[in-house]
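Numbering starts at 1 and runs along the sequence shown.
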Amino acid sequence: MIGTLVLAGTPIGDIADAPPRLAEELTGADVIAAEDTRRLRRLTQALGVTPKGRVVSYFEGNESARTPELVEELVGGARVLLVTDAGMPSVSDPGYRLVAAAVERDVRVTAVPGPSAVLTALALSGLPVDRFCFEGFLPRKAGERLGRLREVAGERRTLVYFEAPHRLDDTLSAMAEVFGAERRAAVCRELTKTYEEVRRGGLGELAAWAAEGVRGEITVVVEGAPEKGPEEVGPEELVRRVRVREEAGERRKEAIAAVAVEAGVPKRVVFDAVVAAKNAAP
């Protein structure tokens with residue numbers, strides 16, 4: 001019989017949050033594919049269990065090469081357990097390739113539901129939760145980061161991001177530039193851990209706070225774009241949006257067209273605003 005691939009959620013901080021089934025799966029799996037085998041060892045020790053199956057590493061650097069091996073194990077009847085350092089596998093962590101390959105070979109894929117930084121941060125943010133989208137990590141390069149943010153500038157759903165602490169101030173500053181300094185957001189730090197903190201405020205305010213330095217695992221939740229009628233987007237805002245797109249590498253003609261669609265105004269209105277701002281410049 002073909003085996004089963006089990007995606008297991010692991011604690012994002014507090015070990016007490018480990019789902020009860022996790023210990024059973026760690027004990028009974030034929031193969032455990034772990035993002036970090038050292039962290040897996042600490043997890044099993046904390047849970048008081050001893051894996052009986054073979055433990056292999058499965059991380060970004062070897063994901064492509066190891067996936068075929070694990071699929072063959074599955075096709076051969078093995079029960080393969082996939083765990084990452086924290087949270088659910090394949091959500092900004094290794095796992096997607098293995099799931100896709102297993103599905104292609106008609107292997108059963110199931111999950112042990114567990115903690116999620118995305119949902120936890122969203123629930124604690126105080127922002128609308130009825131509709132949201134997860135954007136993962138933003139690009140490290142400033143231009144690419146601005147471009148990615150520009151793509152969702154008009155998104156009305158709540159946005160959720162992961163970010164490294166040493167890039168948080170740059171990211172929040174870029175968000176304030178693209179989304180507006182007053183757009184509400186929440187920075188969720190060290191969720192479920194001893195020094196858990198949720199900092200809420202406008203993006204400009206949060207960027208100033210983060211400039212002093214922030215540590216820990218970070219999830220950022222940003223309010224969706226407000227619904228605006230054409231009359232609510234003034235010339236200065238239209239010019240700002242065009243400038244943001246141009247700085248991200250977009251040609252002025254395309255930037256004007258995109259801003260017109262985004263703001264719900266004719267292209268001529270945006271063009272005239274840009275020309276007027278240029279003529280008014282010293």
Taking [X] for the side chain and [Y] for the main chain, is one N or O donor matched with an acceptor at less than 3.5 Å?
X: Thr44; Y: Arg41; answer: yes
X: Asp30; Y: Gly53; answer: no
X: Arg245; Y: Ile256; answer: no
X: Glu63; Y: Gly95; answer: yes
X: Asp17; Y: Thr192; answer: no
X: Thr158; Y: Pro128; answer: yes

Passes side-chain contact (heavy atoms from CB on, under 4.5 Å), Phe179 versus Val152? Steps please. CA-CA 9 Å; Phe179 299 154; Val152 295; 3.9 Å; yes

Evaluate Arg215 against Glu190 for salt bridge (Lys or Arg N to Asp or Glu O under 4.0 Å), listing each step before the verdict. CA-CA 8 Å; Arg215 295 181 179 181; Glu190 295 289 88; over 6 Å; no

Run the side-chain contact (heavy atoms from CB on, under 4.5 Å) test on Val220 and Thr171 for me, step by step, so that the C-alpha distance in whole Å, both residues' side-chain angles and the decisive distance to 0.1 Å come before the verdict. CA-CA 10 Å; Val220 180; Thr171 291; 5.7 Å; no

Going by heavy atoms in the side chains, are [X] and [Y] under 4.5 Å from each other?
X: Thr219; Y: Val160; value: yes
X: Val83; Y: Glu35; value: no
X: Leu22; Y: Val49; value: no
X: Arg167; Y: Leu138; value: no

List the atom of [X], the atom of [Y], and the distance in Å for their closest heavy-atom pair.
X: Leu191; Y: Ala117; answer: CD1-O, 3.9 Å
X: Ala8; Y: Met88; answer: C-SD, 4.3 Å
X: Val214; Y: Pro165; answer: O-CB, 3.1 Å
X: Pro115; Y: Gly9; answer: CD-C, 4.5 Å
X: Arg156; Y: Ala225; answer: CG-O, 3.4 Å
X: Ala174; Y: Leu146; answer: CB-CD2, 4.0 Å

Return the [atom1] to [atom2] distance between [X] and [Y], rounded to the nearest 0.5 Å.
X: Asp36; Y: Leu43; atom1: CG; atom2: CG; value: 11.0 Å
X: Thr37; Y: Ile32; atom1: OG1; atom2: CD1; value: 11.0 Å
X: Leu5; Y: Arg105; atom1: CG; atom2: CZ; value: 13.5 Å
X: Asp169; Y: Trp209; atom1: CG; atom2: CH2; value: 10.5 Å
X: Asp85; Y: Phe59; atom1: CG; atom2: CZ; value: 11.0 Å
X: Leu47; Y: Thr10; atom1: CG; atom2: OG1; value: 10.0 Å

Please indicate whether [X] has more than 12 foreign heavy atoms, meaning atoms of other residues, nucleotides or ligands, lying under 6.0 Å from its [atom1].
X: Tyr96; atom1: OH; value: no
X: Glu223; atom1: CD; value: yes
X: Lys193; atom1: NZ; value: yes
X: Phe134; atom1: CZ; value: yes

Any salt bridge linking [X] with [Y]? Criterion: basic side-chain nitrogen under 4.0 Å from a carboxylate oxygen.
X: Glu73; Y: Arg66; result: no
X: Glu24; Y: Arg21; result: no
X: Arg240; Y: Glu177; result: no
X: Arg189; Y: Glu197; result: yes
X: Glu135; Y: Arg148; result: no
X: Arg145; Y: Glu163; result: no

With a 4.5 Å cut-off on side-chain heavy-atom distances among I, L, V, M, F, W and Y, is there a chain of contacts connecting [X] to [Y]?
X: Val259; Y: Val261; result: no
X: Val270; Y: Val275; result: yes
X: Val198; Y: Leu168; result: no
X: Leu74; Y: Val31; result: yes
X: Tyr161; Y: Phe137; result: no

As a quick check of understanding, evaluate salt bridge (Lys or Arg N to Asp or Glu O under 4.0 Å) for Glu247 and Arg243, giving each step before the final call. CA-CA 6 Å; Glu247 290 175 352; Arg243 187 181 301 117; 5.2 Å; no

Under the side-chain hydrogen bond (donor to acceptor under 3.5 Å, both in side chains) rule, what do Thr84 and Tyr58 come out as? Steps first, then yes or no, please. CA-CA 8 Å; Thr84 54; Tyr58 188 75; over 6 Å; no

Distance alone, cut at 3.5 Å: any donor-acceptor contact between the side chains of Ser125 and Arg184? no

Show your reasoning for whether side-chain contact (heavy atoms from CB on, under 4.5 Å) applies to Leu70 and Val56. CA-CA 10 Å; Leu70 292 175; Val56 299; 4.2 Å; yes

Go through the steps to decide whether Leu159 and Cys133 satisfy the test side-chain contact (heavy atoms from CB on, under 4.5 Å), and finish with yes or no. CA-CA 5 Å; Leu159 302 162; Cys133 53; 3.2 Å; yes

